[in-house]
Each structure stands twice: as structure tokens, then as C-alpha cells.
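The block underneath contains the structure these notes are about, expressed in C-alpha cells.
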Amino acid sequence: MAHVRKTACPLNCWDSCGFNVTIENDKVTKVEGDPTHPITLGKICGRGRMLETRANSSKRLLHPLKKVNGSFEQITWEQALDEIAARLQEVKEQHGSTAVLHSHDYANNGILKNLDQRFFNSYGGVTELYGSLCWGAGIEAQKWDFGEAWSHEPNDIYNSKNIIVWGRNVARTNMHFYEKLLEAKKQGAKLVVIDPLYNATAKIADEYITIKPGMDGLLAAGIIKEMFRLGLEDREFIEQFTHGVADLSQLLEEISLAEISEITEVSCEVMTKLAVVYADKPTATYMGLGMQRYKNGGNTIRFIDALVAISGNIGIAGGGANYANLQVGQSFAFEELTLSKRKQNHRQFSIMKQAEEVLAATDPEIKMIVVTCGNPLTQVPDTEVVEKAFTKVPTLVVIEQFMTDTAMLADYVLPTTTAFEEEDFYYSSMYHHYVNYGPKLVASPGETKSDLWIWTQLANRLGFGEDFDFTREEWLQMTLKPLEDKGITLEKLQALHTMELPVEKVPWSDRKFKTPTGKFEFTSFAVQQKGDNGRLTLAVPDESKWNSPKLAEKYPYSLLTIHPLRSNHSQNYHLLGANLKLKVEVAQNIAEEQGLKNGDYVKVWNDRGEVKGYIFILAKAHPNTINIDEGIWKQFGGSVNNLTSSRESDNGLGSTLYDCLVNLEKVN
Ligand SMILES: Nc1nc2c(c(=O)[nH]1)N[C@H]1C(S)=C(S)[C@@H](COP(=O)(O)OP(=O)(O)OC[C@H]3O[C@@H](n4cnc5c(=O)[nH]c(N)nc54)[C@H](O)[C@@H]3O)O[C@H]1N2
Ligand SMILES: Nc1nc2c(c(=O)[nH]1)N[C@H]1C(S)=C(S)[C@@H](COP(=O)(O)OP(=O)(O)OC[C@H]3O[C@@H](n4cnc5c(=O)[nH]c(N)nc54)[C@H](O)[C@@H]3O)O[C@H]1N2
Ligand code: SF4
Ligand SMILES: [Mo]
């Protein structure tokens, strides 16, 4: 008999949806939205629905595998765990625990997925990754400016007079915000979209502004300049609650509006118009993550924050510099879960440069990599180097649901469960502030086991089993402990399925910022204390004609590799059917210059590598811009990261995935 149960989407996404899942004969047969979820209201996207296909796919990994003479052989869990534990012990004894690299990302938003950190801390401390391919530059930027990266609660959008969606592909990546934009427009709000690609959100905008990729910080500078010229700035806010405005004013003297217009490829009139929009409060700014994946990415987000501050749109209902909402994740007991103080040794590699660091490491060399919740072969920049590093390392263990490009290189592949097969709770620090409960719905197929089971088994073998001697219920209670006195307990969450977390709904309404000066900082005091100047700059991308004129002559086009519509990163390509064609989306002027038409087969290349695919002409994309969606597997023509650079953003914590010049030509 079919029955329906409530659970939640585990995917790394803005929305963290509530699900109604149909179960028949111990199998998930349908995934739909839960209409009672307060934010997601019964609507979900194709990626959510595809979780049923993923769970039931015949391509699921069902048994532990070991590579013997170049091909995979099925082995027992007993053998896999014994051998991996023995290897972990041996590496630690011979080279020290930091000879192990834990390479991971955040494919699953379940709180208990963080227990991988507990395992490696208890083991003694390994080489961990720092920074983020995803949003690292912007998070650090907001920490400098506000002390934290917090957003307004979703329904605050209805207080906005004007809404600026700045580099967020809302209709594709954040669908419930799109629904809210439609409603806010109905209630009279004006919508401006700033993006080099004329995306589905741009289509509903009152004003669409196209910009040269990576130049948004300068655009914000131009708007601020116009606000000052027209006397539109919020003097009271600036004087009472900010630090360093003199540095900003001085910087703006160094460049004229006409120069800004030339570099950003945005007209002066548009900047003047936006100055007026920002002054017509409340104006909300909703930033995406695309525009900070550049060398100047941190500075870009800081400049947009500065614009929001200059216009006095901080700490007021309907305003905000909305980028991330880290206060959501900060609600839980991470320290108890991860035991970060337990580690004796520690080394950090940048997530961007993990492959180069593996190849260069000497003290100690990396002898073993364990991959969890990530697919670095397709998702980490500069694939050629990633492949070299992951091939070279003596022991590679990948915990996976599918035989990804990364798993293909492994010595051991351990088959893991999907979210429907284990109990957890889910949240996202990107958008709304509700935590969703996810019960175990069906039996795990084949010999698949949860990540947690794997850590527990390995911990038992390595002599720190007591650190993992808890039931699921105890783990979940442990993480909710800080919320108990606010009335949020596991029993309640299990009964209600979703609960609102106690976060600031309009951050900074008390004007007390978490920076060293307690003010909003145009110039970062904390950074100055460390000996850097901490000021805003007029920076442009590394791979631009301004910074690298020779490179720009050889490679005239800006390549974006934005997130795919039907897949979360690399997760669905193998399930989308055999006729998958890599699409190279090009601006009209490129098609004209090169005499290309839709469907032409082309090569896109730079010094790092190449990708081949089929032309799709974008009528309204910014001139000289190309896009190839990310996540594409090797077998389908990927990875686009063959082309991207592993350089870090200005503040060291973000990627420069879109700071990428290429050339393109037709091939037969
Ligand atoms: N369908 C789908 N949804 C997803 C995901 C997915 O893989 N697929 N992934 C999830 C994850 S992990 C994340 S991080 C989020 C990301 O969510 P978004 O930030 O919305 O998406 P991205 O693809 O990272 O960024 C792309 C947007 O930034 C624009 N952009 C790129 N460069 C610039 C620039 O220099 N200036 C400006 N103004 N705009 C620029 C692109 O044209 C595009 O519209 O999406 C989440 N949602
Ligand atoms: N060129 C380019 N590259 C990018 C981006 C871009 O825009 N352009 N975006 C970047 C961004 S924003 C992000 S967030 C990263 C994402 O990078 P990743 O997180 O590495 O990408 P996914 O494709 O989601 O890969 C996750 C893998 O984890 C597996 N998995 C899912 N659930 C579980 C689980 O519970 N346990 C275990 N052990 N495994 C599981 C999935 O099967 C999948 O193979 O990619 C980055 N890379
Ligand atoms: S991927 Fe995002 S929008 Fe889609 S169902 Fe999951 S949480 Fe919702
Ligand atoms: Mo991401």
C-alpha cells in the first residue's frame, strides 16, 4: 500500500524544501512538495523530484569495491573496513596523521554529515581544506564589513519598495525566492536585475542591467559616486554607525564616472538611475554567488555592502545586503558534534588549490585521500592537475552513491545511503531559517551504509569507538541542545517536521555590528590590525584586458560556468538520458564575429585545457561572454573545470571559477 510521509530535501541549495514522499513496498516512488512547509509551500524543483530517480537508479553503487590491477572488484564490508583502518593506522604511524587529506564539499545538508570532521579529529587531525569554491570570498567580505554574513528573513521582501537582484540566478537556483519576487512585484515593488546573462529572472525585471563579468564592485563604486554627487547618501547612518568613510571618499576621487562606465560597460545614466533607486528606501539587495568567483570577488561584495550602507539600507525592514544567512547554521552545537579540540595535529590546504598542494606536499607527503560528499574531479578548478594529484596518491577512498569521475580513480569505493534511507535533519545557511526533519523512510538497498555507520566502524577498529557510541537520536539531540531552552527539541521537530529557528529577522536593526569597532566598516579594522590596509579598492578580474592585456588578446572571451538547471552540480548528468550534449552558450557578437550558428560544434580553450560542445546563441548576453554550465562529467564532454583556474580570490577564501578567459573556434 502506498503511503505518504513528510521529509526534506538534502541538496546543497538555497531553498531547503519540505517534501511529501510517496512510499510503496519499501521504495520511494514519488517526491513532491509539502504544502504545509511555511516557506516552500508545496513547490519543489526537478532536482528534488529527481532524488527518487537517484535513489532507485540501477547505477547506484551497492557494494564496497576495491581496485585490483586497474579494475574494481566487489569485496565485503569487513575486508574494506579492515584494510582502510589498517592503512589509516599505518599512515599515521609512518608519516603522521596529516599525511591523510580529507577532501570534501557539502553535497548533503544533513547535520550529521558533519560527523566526518569528528572522525578525523579523533583520529588525530588530518590535512583539512579551508575556504570555499562556492561562496568563500563573499562570506569573508561580509565578515569584514558587518562582522557576520546574515540575511533578512524571506518574507521581509514584502517590505521592500525596490529589489535589486544582483548576480543571483533566482528562477533557476532559488525558486521560492522567485515566487516571492512575483508576489512582491504584484504588491508594487520594482525589480532590478544586474547580470551579464539575460536569465529567467531578468525576464520579469522592471529593469535589466547587463554588465561586463567581474566588474560589479566598480559599478557599486559608480553608484556611490552618484549618490554623493546628488546628495542622496544617508548622512546620519554614515556618521553614527560606520567606520572609514573618508577612505572610501578618497578612493572614489581616483576614478571618474566615465572611466567606470568604460570598464564596467554600464552607461553613466544607469548608474545615476540606480543611485536614485538606492535612495528611494527601503531598497533590498539580494546578491548571488556568481560575481564573487573572481580574483576581485571579496572586494566586489564589500563594495556592494558599502553601497547598501551609504544609502542607509542596513538594519531596516525591506532593506539589507542579503548574501548568506550563516545564523541558521550557527544555531546548532557544532563543537559537540565535531570535537575540533580533539585533534593533535593539523594542516590546511586551500580547497581551490588542493591538487597542487597534494602534489607539492613534503612534510609529510599526502599518502591517503578520503573523499566525502564531493566530486572534486568535476567540481574543483583545473581538472588536469586534480586528476594528476588524485591519481598519484597511494590510497584514495571515495564514499559515494554513484561511480563519479572521482570514484573512478579510487582504490576503495564505499557505497553510501541517500537521504531517504537515514534519519537526519536538514537546513541551509543560504536563505530561510527553518530546520526540516527527515526520518528514515525506506531500507537501504544492497549493502549501502550511511556515512555515520562507516565512521563508527572505522572508529571501532582504530580504538576511538567510544567517540561514536551514540544512537541517531542521541546525536540529533546533541546538536539541538543549544535550542532546548527556546523550545526546539527533537521530539517537537519530529512531530512538526519543520521549525523556525530563533534568528535575527532583520539583522543589524540595533545598529550594533559584530566588527571590532562595533560599526559597519568601509575599511576593515580587523584587517588593519593584521597589517594589511583593509580598504576598498578599484579592483578588476585577474583575467581581463586591464590586468592581463596579452592574455586578453589571445583569449578574448569571458567564460562563465554557472549552475545547471536540471542537476545540482554533477549529480544528475548520468541520469538525464543518453543524448546529453554539452552546450556552449555564446553572446550574439561572438556568433557574428565567428560566423557561428546554433548547433555548430566548437572547441573552447585556454592555456589550462579545452572543452568541446555545441553552440547555442544567447540573444541578450553581455558581449564577449560565453557560458557552459558546470557539473558535466568527463564522459559527457566535461569537465568545464578543464578551463578554470585554481587561483584564490583577493581575501584567499574564495574561488576564481568565473575569472576565466578563453578562445573559441569551430571544429568538424
Ligand atoms: N538548478 C540548480 N540550483 C542550484 C544549484 C545547482 O547546481 N543547480 N546549486 C546550488 C548552490 S551550491 C549554489 S552555490 C547556488 C548558487 O546560486 P546562484 O548564485 O544563483 O548561481 P550561480 O550559478 O552560482 O551564479 C550565477 C549567476 O551569477 C551571474 N554572474 C556570473 N558572473 C557575474 C558577474 O560578474 N556579475 C554579475 N552581476 N553576475 C554574474 C550568472 O550569470 C548567473 O546568473 O545555487 C544553488 N542552487
Ligand atoms: N566551474 C565551476 N565549478 C564549480 C562551480 C561553478 O559554478 N563552476 N560551483 C562550485 C560550487 S558553488 C559548489 S557548492 C561545488 C559543489 O561541489 P560538489 O559538492 O563536489 O558537487 P556535487 O556534484 O554536488 O558532488 C557531490 C557528490 O557527493 C555525493 N553525495 C551526495 N550525498 C552524499 C552523502 O550523503 N554522502 C556522501 N559520502 N556522498 C554524497 C554525490 O553523489 C556527488 O557525487 O562545486 C563548485 N564547482
Ligand atoms: S534542490 Fe532546492 S529547490 Fe529543489 S527541491 Fe531541493 S531544496 Fe527545493
Ligand atoms: Mo555552492
Side-chain angles (χ1 to χ4, degrees), residues 8-19 31-34 37 39-51 105-107 109 132-136 138 164-179 193-202 208-220 264 266 286-294 296-297 300-301 304 323-324 374 379 419 426-428 430-432 436 540-541 544 558-573 585 618 621-622 625 627 629-631 655 657-660:
C9 185
L11 290 173
N12 183 358
C13 175
W14 297 94
D15 292 54
S16 204
C17 291
F19 281 169
V31 179
E32 293 169 295
D34 170 8
H37 192 281
I39 300 294
T40 63
L41 300 169
K43 288 201 175 172
I44 60 166
C45 78
R47 293 165 291 146
R49 281 189 292 272
M50 280 280 283
L51 289 169
D105 214 304
Y106 293 93
N109 276 341
S132 161
L133 299 169
C134 175
W135 61 359
I164 318 286
V165 169
W166 203 323
R168 193 186 298 187
N169 199 0
V170 178
R172 181 185 289 195
T173 65
N174 186 190
M175 65 175 282
H176 299 91
F177 181 41
Y178 182 76
E179 298 289 322
V193 168
I194 307 175
D195 203 298
L197 301 179
Y198 183 73
N199 55 30
T201 318
Y208 164 61
I209 291 154
T210 175
I211 182 167
K212 178 84 179 160
M215 300 302 179
D216 305 82
L218 275 177
L219 173 59
T264 57
V266 177
Y286 285 85
M287 294 174 253
L289 314 184
M291 69 201 163
Q292 47 92 58
R293 297 193 189 113
Y294 295 82
N296 57 336
T300 295
I301 301 301
I304 296 171
Y323 175 76
Q379 297 309 120
Y426 302 90
Y427 69 95
S428 164
M430 298 177 79
Y431 181 54
H432 71 69
N436 301 327
V540 297
S544 62
S558 301
L559 176 72
L560 307 181
T561 52
I562 69 168
H563 293 198
L565 176 65
R566 296 171 70 201
S567 182
N568 225 49
H569 311 296
S570 67
Q571 294 196 38
N572 288 349
Y573 283 91
E585 298 175 315
L618 299 171
H622 198 82
T625 306
N627 174 58
D629 285 353
E630 52 111 337
S655 65
L657 290 161
Y658 300 177
D659 193 338
C660 181

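Whatever order the structure lists them in is the order used to number ligands and atoms, beginning at 1.
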Numbered atoms and elements of ligand 1 in range of Arg172, under 4.0 angstrom, heavy atoms: 1 (N), 2 (C), 3 (N)
Region of Tyr294 engaging ligand 1 - heavy atom pairs below 4.0 Å: side chain
Numbered atoms of ligand 1 (with element) below 4.0 Å of Leu565, judged on heavy atoms: 1 (N)
Distance in Å, Ser544 OG paired with Met215 CE, rounded so as to fall on 0.5 Å steps: 5.0 Å
Ligand 1 versus Asp216: contacting region, heavy-atom distance under 4.0 Å: side chain
Where ligand 1 meets Pro213 - atom numbers and elements under 4.0 angstrom, heavy-atom basis: 35 (O)
Atom 19 (O) of ligand 1 [closest protein heavy-atom partner, distance rounded to 0.1 Å]: Leu289 N, 2.8 Å
Side-chain donor or acceptor of Thr201 paired with backbone N/O of Ala171 under 3.5 Å: yes
Ligand 3-proximal atoms of Phe19, by part, heavy-atom distance under 4.0 Å: side chain
For atom 12 (S) of ligand 1, closest protein heavy-atom neighbour: His569 NE2, 3.1 Å
Any donor-acceptor N or O pair under 3.5 Å, side chains Asn109, Asn12: no
His37 and His176: CA distance, side-chain angles, deciding distance, ring pair (Phe, Tyr, Trp, His ring centres under 6.0 Å) verdict: CA-CA 12 Å; His37 192 281; His176 299 91; 8.0 Å; no
Heavy atom of the protein closest to atom 13 (C) of ligand 1 (residue, atom name, distance): His563 CE1, 3.3 Å
Distance-only N or O hit between ligand 1 and Met430, under 3.5 Å: no
Under-4.0 Å heavy-atom contact with ligand 1, by part of Pro564 that carries it: both
Atom pair CG (Asn568) and OG1 (Thr173), whose distance is rounded to the nearest 0.5 Å: 10.0 Å
Aromatic plane relationship, His563 with His569 - under 30° parallel, 30 to 60° tilted, over 60° perpendicular: perpendicular
Taking atom 24 (O) of ligand 1 as the reference point, the nearest protein heavy atom with its distance: Arg293 NH1, 2.6 Å
Shortest protein heavy-atom distance from atom 40 (C) of ligand 1, along with the residue and atom involved: Pro196 CD, 3.4 Å
Atom 17 (O) of ligand 1 [closest protein heavy-atom partner, distance rounded to 0.1 Å]: Trp14 NE1, 3.1 Å
Atom indices of ligand 1, in the order listed, that fall short of 4.0 Å to a heavy atom of Gly288: 19 (O)
Heavy atom of Asn174, distance to ligand 1 below 4.0 Å: no
Residue and atom names of protein N/O/S atoms that fall under 2.8 Å from atom 8 (Fe) of ligand 3: Cys17 SG
Polar contact flag for Gly214 and ligand 1 (N/O pairs, less than 3.5 Å): yes
Nearest-contact summary for atom 28 (O) of ligand 1 - protein heavy atom, Å: Gly167 O, 3.1 Å
Contact with ligand 1 for Ser567, non-hydrogen, under 4.0 angstrom: yes
Pick from Val170, Asp195, Asn572, Asn568: the one approaching atom 5 (C) of ligand 1 most closely through a non-hydrogen atom: Asn568
Polar side-chain atom of Asn572 near backbone of Arg47 as donor-acceptor pair, under 3.5 Å: no
Option whose closest heavy atom lies nearest to atom 10 (C) of ligand 1, chosen from Asp105, Asn12, Thr173: Asn12
Note: Arg172-Asp629 ion pair, threshold 4.0 Å (strictly below): yes
Backbone or side-chain N or O of Asn199 under 3.5 Å from ligand 1 N or O: yes
Per-atom contacts, ligand 1 versus Leu197 - under 4.0 Å to a heavy atom: 42 (O)
Under 3.5 Å: N/O of Cys134 near N/O of ligand 1: no
Atoms in ligand 1 flagged as close to Arg168, the criterion being non-hydrogen separation under 4.0 Å: 20 (O)
Mode of Arg47 contact toward ligand 1 - side chain, backbone, both, neither (heavy atoms, under 4.0 Å): side chain
Whether Tyr294 and Tyr658 hold their rings parallel, tilted or perpendicular, with breakpoints at 30° and 60°: perpendicular
Heavy atom of the protein closest to atom 31 (C) of ligand 1 (residue, atom name, distance): Tyr658 CD1, 3.7 Å
Ligand 1 atoms in contact with Ile194 (distance to a heavy atom under 4.0 Å): 38 (N)
Between OH on residue Tyr198 and OG1 on residue Thr210, distance to nearest 0.5 Å: 11.5 Å
Under 3.5 Å donor-acceptor, Thr625 side chain and His622 backbone: yes
